[in-house]
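In this text, all values refer to a predicted model and were calculated from it rather than measured experimentally. Letters go in sequence order (proteins before strands), and every chain restarts at 1.
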Amino acid sequence: MKIATFNINGVKARLPRLLEWLDTFQPDVACLQEIKSVDETFPRMEIEDKGWHVETHGQKGFNGVALISRHPVTDIVRGLPAVDGGVADGDDQSRYIEATVMNVRVASLYLPNGNPRPGPKFDYKLAWMDRLVAHASRLLTVERPVVLAGDYNVIPQDDTDDCHDPAAWVDDALTQPESRARLRALTHLGYLDALRQIHPAGPKYSFWDYQRGAWAKDHGIRIDHLMLSPEAADRLKGADVDRIPRAQEKASDHTPVWIDLAA
DNA sequence: ATGTCAAGTTGCACTTGA
């Protein structure tokens with residue numbers, strides 16, 4: 001069972017590339033972020049016509065997440081709950097969708113960037129991560145495979161395996177101790193960083209800025225992650241970055257990261 | 001030093017967010 005996460009940076013601008021990638025890669029589930037579309041104008045029919053199931057949680061202009069699946073999708077949750085598990089009143093940003101596919105609980109998440117820092121955007125990022133950790137903890141009680149996939153906007157480690165130039169990112173919200181501590185909190189709960197389980201070392205970037213020729217120079221960072229509950233980790237067979245989409249014309253600034261779970 | 005892109009709008013040139 002292949003599950004991929006892909007920040008597509010605008011579903012309408014990327015639709016031909018997205019359809020090509022779905023056709024080529026054939027994921028069982030694709031977790032999309034930054035669809036930058038409301039649900040009503042998401043190109044649902046174009047994707048459904050190729051045999052996919054589509055579930056979206058969009059908003060106007062920015063953010064927005066979606067699940068695209070070869071298989072039926074049930075028990076959909078839209079929006080990340082509050083720390084206490086209730087509805088997060090006052091959060092109008094569409095950054096989280098979760099559902100069950102083939103008896104695996106799969107989430108597509110788009111964690112706040114948090115820049116500039118310090119400031120309200122960084123505070124929102126940390127508060128959002130607190131909610132994610134609390135929700136991830138609750139999900140463990142179902143004792144079945146859980147895959148939390150998405151753009152975490154956190155570079156896990158200060159080394160060139162995760163960041164082409166750690167010194168250049170030292171003041172960025174993506175590298176702060178507070179951000180990293182909350183990502184580690186998922187690990188302490190029992191979630192596994194699937195890509196680093198399969199590839200413990202070596203550059204595995206998933207994002208390259210459009211500016212300064214970052215892709216051509218491989219000046220990337222690793223910020224797209226799939227975190228696996230113990231029941232999902234038991235089934236982990238493979239994981240990697242698919243760099244092919246990033247090299248194409250009209251590419252997103254991210255490229256897909258994927259896992260393969262045993263049946 | 002600079003270099004980009006997508007979406008939205010009191011729109012065709014700018015802002016915002018990344």
Taking B:dG3 as the reference, what is the distance to B:dT15 when you measure between their P atoms (whole Å, please)? 15 Å

Distances for protein N/O vs nucleotides 9-17 of chain B N/O pairs under 3.5 angstrom?
residue : atom : partner : partner atom : Å
B:dT9   : OP1  : A:K60   : NZ           : 3.0

Mind checking who shares a hydrophobic cluster with A:Y205, ILVMFWY linked at side-chain heavy-atom distances under 4.5 Å? A:W208, A:W215

Provide the full list of salt bridge (charged side-chain N to carboxylate O under 4.0 Å, His left out) pairs with a residue in residues 195-211 of chain A, sequence neighbours left out, each pair given once. A:D162-A:R196, A:K204-A:D240

Between A:I8 (CD1) and B:dA7 (C1'), how many Å, whole number? 13 Å

Using the salt bridge (charged side-chain N to carboxylate O under 4.0 Å, His left out) rule, collect all pairs that involve residues 136-145 of chain A, keeping only residues at least two apart or in two chains. none

B:dT16 and B:dG11: how far apart are their C1' atoms, nearest whole angstrom? 15 Å

Please state how far atom CG in A:N7 lies from atom P in B:dA18, giving the value in whole angstrom units. 11 Å

Euclidean distance, atom CZ of residue A:R17 to atom C1' of B:dA6 [Å, nearest integer]: 16 Å

Which residue lies more 5' along DNA chain B, comparing A:G114 with A:I35 via nearest heavy atoms: A:I35

Whole-Å P distance, B:dA7 and B:dT2: 27 Å

Whichever hydrophobic residues join A:V77 through chains of side-chain contacts under 4.5 Å: none

What's the CZ-P distance between A:F122 and B:dA18, to the nearest Å? 14 Å

Which atoms form the tightest heavy-atom contact between A:K50 and A:R70, and what is the distance? O-NH1, 3.1 Å

What's the CD-P distance between A:Q59 and B:dA18, to the nearest Å? 10 Å

Taking the six-membered ring for Trp, are A:F6 and A:W21 parallel (under 30°), tilted (30 to 60°) or perpendicular (over 60°)? perpendicular

What integer distance in Å separates A:K12:NZ from B:dG8:C1'? 11 Å

Expected output is a numbered-order residue list: members of residues 206-218 of chain A with a heavy atom under 4.0 Å from any atom of DNA chain B. What is it? A:Y210, A:Q211, A:R212

Nearest whole Å is fine: how far is B:dC5 P from A:K250 NZ? 8 Å

Between B:dC5 and B:dA1, how far apart are the P atoms? Round to whole Å, please. 22 Å

For A:M129, the rest of its hydrophobic cluster, which grows through side-chain links under 4.5 angstrom: A:L80, A:Y96, A:L109, A:L111, A:Y124, A:W128, A:L132, A:V133, A:L139, A:L140, A:V142, A:V146, A:L148, A:Y152, A:V154, A:L183, A:L186, A:L189, A:Y191, A:M227

Other than A:F122, what residues sit in its cluster of Ile, Leu, Val, Met, Phe, Trp and Tyr side chains whose heavy atoms are under 4.5 Å apart, directly or through others? A:L126

Per the ring-ring contact (aromatic ring centres under 6.0 Å, His included) rule, what does the pair list look like for residues 30-73 of chain A, sequence neighbours excluded? none

CD1 of A:I76: more than 12 outside heavy atoms within 6.0 angstrom? yes

What interatomic distance, in whole Å, is found between P of B:dA6 and the corresponding atom of B:dT10? 22 Å

Measure CG/A:L174 against C1'/B:dA18 and give the value in whole Å, please. 10 Å

Of A:R14 and A:D253, the one whose closest DNA chain B nucleotide lies more 5': A:R14

